[in-house]
Amino acid sequence: MNHTARAVVLSALGGVTLRVGATEEYANYVNDWMRWPLVASGVLLVALAFVAILARVGEHEHEHDRASALVPWLLVLPIVIGFVIQPPALGAYVADRRANQADARTYADPAVVPLDTTGENEMPVSSFVARASYDRDGLADVTVRLTGFVTSDGDGWFVTRLAISCCAADGAAFRVRIEGAEAPPEERWVTVVGTWVEGTGTDLGDTPAIAASEVTEVDEPAQPYE
Amino acid sequence: MEQTSHEVTAPAPRRDGGVGWQAWLVVGLLAAAFPLRQLVGPVLDQPAFQTWATIFLAIVVQSVPFLVLGVLLSGVISVLLSERMVARVVPRRPALAVPVAGIAGVGLPACECAVVPVANSLTRRGLPPAVALTFMLAAPAINPAVLVSTAVAFSGRVDMVAARFLASLLTAVVIGWIYVWAAARVPALRLPDIRHRFHQDEGSRWSRFAAAAWHDFLPAAGFLVLGAIVAAAINVWVPLRFVEAVADNAVLAVVALTLFAFVIALCSEADAFVAASLTAFSDTAKLVFLVVGPAMDIKLAAMEAGQFGRGFAQQFVPLVLLVAASAACLVGWVVL
């Protein structure tokens, strides 16, 4: 790849990085602490491309073998995927394969804050799954509010949410079975209010259940992962 | 491919006014992608492909800032660090310098993508290759950010954090010593290939900095993409359950998690969460996963082949896998 083509690729890659960081799209791929590093590195890459063209930096370099001449072409792939395809947040496809495989306690808030026994407790799906296994007394007879998307396994349906610690590659899926309510269409985002069905999901890998009192369809949240 | 030698000071005349067909090809590819996307839309909308694309882009996007950081550091090294200074700071005997470089890895809180260009620029500055390799293996595994995330993922288990620190440091130092010892004695062992590498000492500091960054970033990012293509595919199509099938057999479990850590290529700051969820495996097998991953994975192997030469990588990659898995088993057996 020649000097100008490299500069074009570099600035386009910087553009993808910058856009992912500067818009809400970052939430589909990485955790929110990555946001400003993305913006900064996008700006730096675009700047480097301009410096290389204007100041003719690195113009006289030559490739020493065929492989390293071809490798920069690979960068066209993330650029096309980032600009043109813009893949959505991970959803049901991953959730069906990984549901409740990970230990929810490592994703949920480790501190056991006593739950409010009179009002609604809004919590992440992973926290609910975690509490069903280690905070059974605290969870009994408490009203909870969970938000996630709808998946099903033929028998019933689940409210499902993915959690990431660094980027989408390490995503883990958590789901809660919903009883006593009609299943909304698959992959639709919903908020479910209800109480824990005691004794469900107490072992790692099991799926806890909620007796729902209210199911509302909502818009996909800006942060698709927990 | 245009080839201009170092002796030529002015750019060779170009027919098309200095842009070249390759730049137009890149622009053309990007422009053609939009109409093409409409044409092959149904294929691209399949959940399996979309999941791959999301994970692929996530790996690339997650790595770019760390790669930029690594390239910036490597630029700073090429500008500020002279070969004399390297010689003064680093112990003269490489066998002693290796453990020093291993411990120094604590000071670079970045995951593995950042450290490959840094190691490369250190060797360019006259650091013995064995010492730079030790630093490269140690830094992404034993820095504070990684140790803290390990503690969080394993609900504060200090023994796991200590075991990870010890086994990763051991791996890095043993590899360094192997290269120190073998450099003179085993001709078949290839050292990192830095002879053809870029070396510029003329020009102002800024232009040297920009030239180093320009030289480092694109090849490293290209190889990173190569690794991310495979890692994302493995992530989507090889479920954890396949790996868990062998969890009961101690030997197979170690082999399986070594290979899994290699192909799945997780960031060292996130791998502890995945390791913690491998509940079917023994603690030692989980430790193997945590020690192998930051030292060697498919995207690192691709990047190292690009930076240090393919001949070197063909020996280095299996050697690191073997040493890392053995070190983790040993430390796991003693500590856990």
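Chain A is the first sequence line, chain B the second, and so forth, proteins listed ahead of strands; every chain is numbered from 1.
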**Region of A:Asp170 that comes under 4.5 Å of a non-hydrogen atom in chain B** = both
**Asked** So which of A:Ala55, A:Ala7, A:Gly14, A:Gly91 has the largest heavy-atom pair count under 4.5 angstrom toward chain B?
**Response** A:Ala7
**Request:** Identify the two heavy atoms, one from B:Pro117 and one from B:Ser74, that lie closest to each other, and give their separation to 0.1 Å.
**Result:** O-CB, 3.5 Å
**Complete:** For B:Gln62 and B:Cys267 the tightest heavy-atom approach is NE2-SG, 4.1 Å
**Fill in**
Most contact-rich option vs chain B, by heavy-atom pairs under 4.5 angstrom, among A:Pro37, A:Ala92, A:Pro78, A:Ala168, is A:Pro78
**Message:** Please classify the contact between B:Val60 and chain A as side chain, backbone, both or neither, with a heavy-atom cut-off of under 4.5 Å.
**Reply:** side chain
**Message:** If I take atom CG from residue B:Leu29 and atom CG from residue B:Leu25, how far apart are they, to the nearest 0.5 angstrom?
**Reply:** 4.5 Å
**Request:** Identify which of B:Thr54, B:Val68, B:Asp45 forms the greatest number of heavy-atom pairs closer than 4.5 Å to chain A.
**Result:** B:Thr54
Ignoring hydrogens and angles, write down the donor-acceptor pairs under 3.5 Å from the side chains of residues 79-88 of chain A, residues two or more places apart or on other chains.
unit_1: A:Gln86; atom_1: NE2; unit_2: A:Phe83; atom_2: O; d: 3.1

**Item:** Working for side chain to side chain donor-acceptor pair (under 3.5 Å), residues A:Tyr93 and B:Gln46
**Value:** CA-CA 10 Å; A:Tyr93 186 84; B:Gln46 292 204 350; over 6 Å; no
**Prompt:** Any idea which of A:Thr17, A:Leu75, A:Leu13, A:Val8 has the most non-hydrogen atom pairs under 4.5 angstrom with chain B?
**Reply:** A:Leu75
**Asked** Which of the residues B:Ala270, B:Ala213, B:Ala228 is involved in the greatest number of heavy-atom pairs with chain A at under 4.5 angstrom?
**Response** B:Ala270
**Message:** Using a 4.5 angstrom heavy-atom cutoff, name the option from B:Ala221, B:Ala276, B:Ala265 with the most pairs to chain A.
**Reply:** B:Ala221
**Message:** Looking at A:Ala5, is its backbone amide N or carbonyl O close enough to the side chain of A:Asn2 to form a donor-acceptor pair, meaning the two atoms are under 3.5 Å apart?
**Reply:** yes
**Asked** With a 4.5 angstrom heavy-atom cut-off, which part of B:Val71 approaches chain A: side chain, backbone, both or neither?
**Response** neither
**Asked** Is it the side chain or the backbone of A:Ile164 that comes within 4.5 Å of chain B heavy atoms, both, or neither?
**Response** neither
**Prompt:** Would A:Ser152 and A:Glu186 satisfy side chain to side chain donor-acceptor pair (under 3.5 Å), going step by step from the backbone distance to the final call?
**Reply:** CA-CA 7 Å; A:Ser152 72; A:Glu186 293 243 346; 2.3 Å; yes
**Asked** Which bit of A:Leu45 comes within less than 4.5 Å of chain B, counting heavy atoms only: side chain, backbone, both or neither?
**Response** side chain
**Prompt:** With only heavy atoms counted, which part of B:Trp206 is less than 4.5 Å from chain A, the side chain, the backbone, both or neither?
**Reply:** neither
**Message:** Counting only non-hydrogen atoms closer than 4.5 Å, does B:Ile229 touch chain A with its backbone (N, CA, C, O), its side chain (CB onward), both, or neither?
**Reply:** side chain
**Prompt:** Can you say whether B:Ala302 sits under 4.5 Å from chain A via the side chain, the backbone, both, or neither, judging by heavy atoms?
**Reply:** neither
**Request:** Measure distances from A:Ala47 to the heavy atoms of chain B and classify the residue's part below 4.5 Å as side chain, backbone, both or neither.
**Result:** neither
**Asked** Is it the backbone or the side chain of A:Leu38 that comes under 4.5 Å from a heavy atom of chain B, or both, or neither?
**Response** both
**Asked** Looking only at heavy atoms, what is the nearest atom pair of A:Ala163 and A:Phe174, with distance?
**Response** CB-CE1, 4.0 Å
**Asked** Which heavy atom in A:Thr147 sits nearest to a heavy atom in A:Arg161, and how many Å separate them?
**Response** O-NH1, 3.0 Å
**Message:** Could you check whether atom CD of A:Glu220 has more than 12 heavy atoms from other residues, nucleotides or ligands sitting under 6.0 Å from it?
**Reply:** yes
**Asked** With chain A, which of B:Thr51, B:Ile264, B:Val274, B:Leu72 has the greatest number of heavy-atom pairs at distances under 4.5 Å?
**Response** B:Thr51
**Residue among A:Asn31, A:Leu44, A:Leu77 with most heavy-atom pairs under 4.5 Å to chain B** = A:Leu77
**Asked** Do we see a donor-acceptor contact under 3.5 Å between the side chains of B:Ser268 and B:Glu112?
**Response** yes
**Fill in**
When every non-hydrogen atom of B:Arg157 is compared with those of B:Asp283, the smallest separation belongs to NH2-OD2, 2.8 Å
**Asked** A:Ala169 versus chain B, heavy atoms under 4.5 Å apart: side chain, backbone, both or neither?
**Response** both
**Toward chain A, the part of B:Leu226 with a non-hydrogen atom under 4.5 Å** = both
**Request:** Examine whether an atom of B:Leu224 lies under 4.5 Å from a heavy atom of chain A, and if so say whether it belongs to the side chain, the backbone or both; otherwise answer neither.
**Result:** neither
**Request:** Nearest 0.5 Å please: distance from the OG1 atom of A:Thr200 over to the CG atom of A:Leu139.
**Result:** 8.5 Å
